[in-house]
2 protein chains.
Amino acid sequence: MWRVNTLGFAILGLLARRPLSGYRVAQLMREPIGFFWNAGHAQIHGTLRKLVEAGWAEYRTEPGPGPHDKKLYSATAAGRAALAEWAASPLPTPQPHDELLLRVYNGWLADPDTMRDMLTAEIERREASLAHYLAVQAEFEADGTPTDPRSTRFVDYATVLNGIGSERNVLDWLRWLVTKLRG
Amino acid sequence: MWRVNTLGFAILGLLARRPLSGYRVAQLMREPIGFFWNAGHAQIHGTLRKLVEAGWAEYRTEPGPGPHDKKLYSATAAGRAALAEWAASPLPTPQPHDELLLRVYNGWLADPDTMRDMLTAEIERREASLAHYLAVQAEFEADGTPTDPRSTRFVDYATVLNGIGSERNVLDWLRWLVTKLRG
DNA sequence: CCCAGCATGTAACCAGTTACATGATTGG
DNA sequence: CCAATCATGTAACTGGTTACATGCTGGG
């Protein structure tokens, strides 16, 4: 039988909240959880099929639109139990792939002006992303700061706070770097 | 001809500093640059072969030990030029894969005590990593804080500062999360 | 004598990306 | 009428991991 991988759990985590079509899963993989996990629709459809085979998800068919039937997936009780266990199990040692740091590591060879332009563009990208997270945080807090760690509201809020912290942190570092590049 | 991928540039970045065997490249992919890029030896040997085919690296053969000759790789002038250009070129939008955040996102389903244990273990791992970065930083600053952005010392120092900042940032967040889980 | 470190390579597999293929509905 | 959105799927490929395979040297 198939060994469920991290993407399987990422998808199952969405299905555990509400039933979704594969198309909607792909959308959510861009917008809310895409900030920390990410996949294309081709990979998602295959993984959904495997989740059903494993008995962790099920679907009911609805007609159209288009040449294929729409499939509304949801997590089974077994799927939820497996997800709950996985969420709290020990983390494997991460295998980082940070292209920004790799660029900086090799930046001693590059033209400082071009390098500074690249970093400035990155600062702008991340400022926009920070502004977005701050808006989401404000929305949460307007409805009362979440406190119950067993609610989806709380974990959503926690991931937003993480985003705010890490964007602020890289922004500080990038701004420091840019000043060093200006001689 | 082969389109050089990010791993190719990661390896080339090591070869641009000093000639290395494939084995040594694999070692460095664990210890210093493994903190932001990472690959196994099987992938490295194949990529080295492709870099040579592309004219961006070359090697001279030295005997043994073992059944194969040792190959000492170094970056060619063309390789260095390509690397310098790549380092300052615009970054593609990153596709994050952060398993810690995925665990937290699904943590509302899990037992808070088990969840807290997992996060505590993560705090310990990252405290050790932070202590290591701080020791490296102290060593750098003992020899005089690097300032020239066109030196390898400066870029090495910059990546260490990034490590310190991001570890401190997640540690703050993890400690906040753990207190919320203690209700 | 055994183990750790040095050293390179292949094969099979799993994960992820890109391109191709199809087609209804809704709003401008 | 056209474009965007909803909707699912396959095929070919590239990237990355795990397991297998070999064998020397030096230290305990």
Side-chain angles (χ1 to χ4, degrees), chain A residues 1-11 14 19-31 34 36-54 57 59-73 92-99 102, chain B residues 1-11 14 19-31 34 36-54 57 59-73 92-99 102:
Chain A
M1 207 216 272
W2 176 60
R3 247 183 191 79
V4 181
N5 57 23
T6 312
L7 176 60
F9 288 110
I11 294 173
L14 294 169
L20 294 167
S21 68
Y23 184 86
R24 281 287 295 152
V25 169
Q27 273 189 328
L28 298 171
M29 280 283 167
R30 275 180 246 119
E31 184 50 39
F36 50 89
W37 206 272
N38 177 297
H41 86 277
Q43 213 187 345
I44 289 164
H45 283 301
T47 305
L48 281 168
R49 190 178 38 76
K50 287 180 195 164
L51 283 172
V52 171
E53 278 166 24
Y59 63 88
R60 54 191 173 82
T61 307
E62 285 179 17
H68 304 281
D69 281 339
K70 173 175 166 172
K71 292 175 179 174
L72 245 204
Y73 291 90
T93 55
Q95 293 170 191
H97 290 96
D98 188 327
E99 192 162 337
L102 202 54
Chain B
M1 208 218 271
W2 176 60
R3 249 184 189 79
V4 180
N5 57 23
T6 312
L7 176 60
F9 288 111
I11 293 173
L14 294 170
L20 293 167
S21 68
Y23 185 87
R24 281 287 294 154
V25 170
Q27 274 188 327
L28 297 170
M29 280 285 167
R30 274 180 247 120
E31 186 49 38
F36 49 89
W37 206 271
N38 176 296
H41 88 275
Q43 214 186 344
I44 289 164
H45 284 299
T47 305
L48 280 168
R49 189 177 41 76
K50 287 181 195 165
L51 283 172
V52 171
E53 279 166 23
Y59 63 88
R60 53 189 174 84
T61 308
E62 284 179 17
H68 305 282
D69 280 339
K70 176 176 166 173
K71 292 174 179 174
L72 246 202
Y73 291 90
T93 55
Q95 294 171 189
H97 290 95
D98 188 328
E99 192 163 335
L102 202 54

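The shown structure was predicted, so the numbers you read here are calculated from the model rather than taken from an experiment. Convention: sequence-line order gives letters A, B, ...; per-chain numbering from 1.
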Participant: Please check the phosphate of D:dC24 (OP1 and OP2 only) for any side-chain N or O of B:Lys70 closer than 4.0 Å.
Facilitator: no
Participant: Please round to the nearest 0.5 Å and tell me the distance separating atom NE2 of B:His45 and atom NZ of B:Lys50.
Facilitator: 14.0 Å
Participant: If I compare all heavy atoms of B:Glu99 with all of A:Trp37, which pair ends up nearest, and what's the gap?
Facilitator: N-CZ3, 3.9 Å
Participant: Can you tell me how the ring of A:Tyr73 sits relative to the ring of A:Tyr59, calling it parallel under 30°, perpendicular over 60° and tilted otherwise?
Facilitator: tilted
Participant: Determine whether the side chains of A:Gln27 and A:Arg30 contain a donor N or O and an acceptor N or O closer than 3.5 Å.
Facilitator: no
Participant: Let's see if you can work this out: which of D:dA7, C:dG16, D:dA19 has an atom nearest to the side-chain heavy atoms of B:Ala42?
Facilitator: D:dA19
Participant: Looking at every heavy atom in both A:Ile44 and A:Ala26, which two are closest together, and how far apart are they?
Facilitator: CD1-CA, 3.5 Å
Participant: Measuring from the side chain of A:Tyr23 (C-beta onward, heavy atoms only), which nucleotide among C:dA7, D:dT8, C:dG9 has the closest atom?
Facilitator: D:dT8
Participant: Between P on D:dC6 and CD1 on A:Ile44, what's the gap in Å once rounded to a whole number?
Facilitator: 14 Å
Participant: If I take atom CZ in residue A:Arg3 and atom P in nucleotide D:dT17, what distance separates them, rounded to the nearest angstrom?
Facilitator: 17 Å
Participant: Rounding to a whole Å, what distance do you find between B:Glu62:CD and C:dT8:P?
Facilitator: 10 Å
Participant: From the options D:dA19, D:dG16, C:dC6, select the nucleotide whose nearest atom is closest to the side chain of B:Gln27.
Facilitator: C:dC6
Participant: Can you tell me the distance, in whole Å, between the NZ atom of A:Lys50 and the C1' atom of D:dT10?
Facilitator: 14 Å
Participant: Given atom CG of B:Leu20 and atom P of C:dC6, what is their separation to the nearest angstrom?
Facilitator: 13 Å
Participant: Return the 5'-most residue of the pair B:Gln95, B:Leu72 with respect to DNA chain C, ranking by each residue's nearest nucleotide.
Facilitator: B:Leu72
Participant: Nearest nucleotide by nearest heavy atom, which residue falls closer to the 5' end of DNA chain C, B:Arg24 or B:Arg49?
Facilitator: B:Arg24
Participant: Over how many whole Å does the gap from B:Gln43 atom CD to C:dA11 atom P extend?
Facilitator: 17 Å
Participant: I need the NE2-P distance between A:His41 and C:dA19, as an integer number of Å.
Facilitator: 13 Å
Participant: What is the distance, rounded to the nearest whole Å, between atom CG of A:Leu7 and atom P of D:dG16?
Facilitator: 16 Å
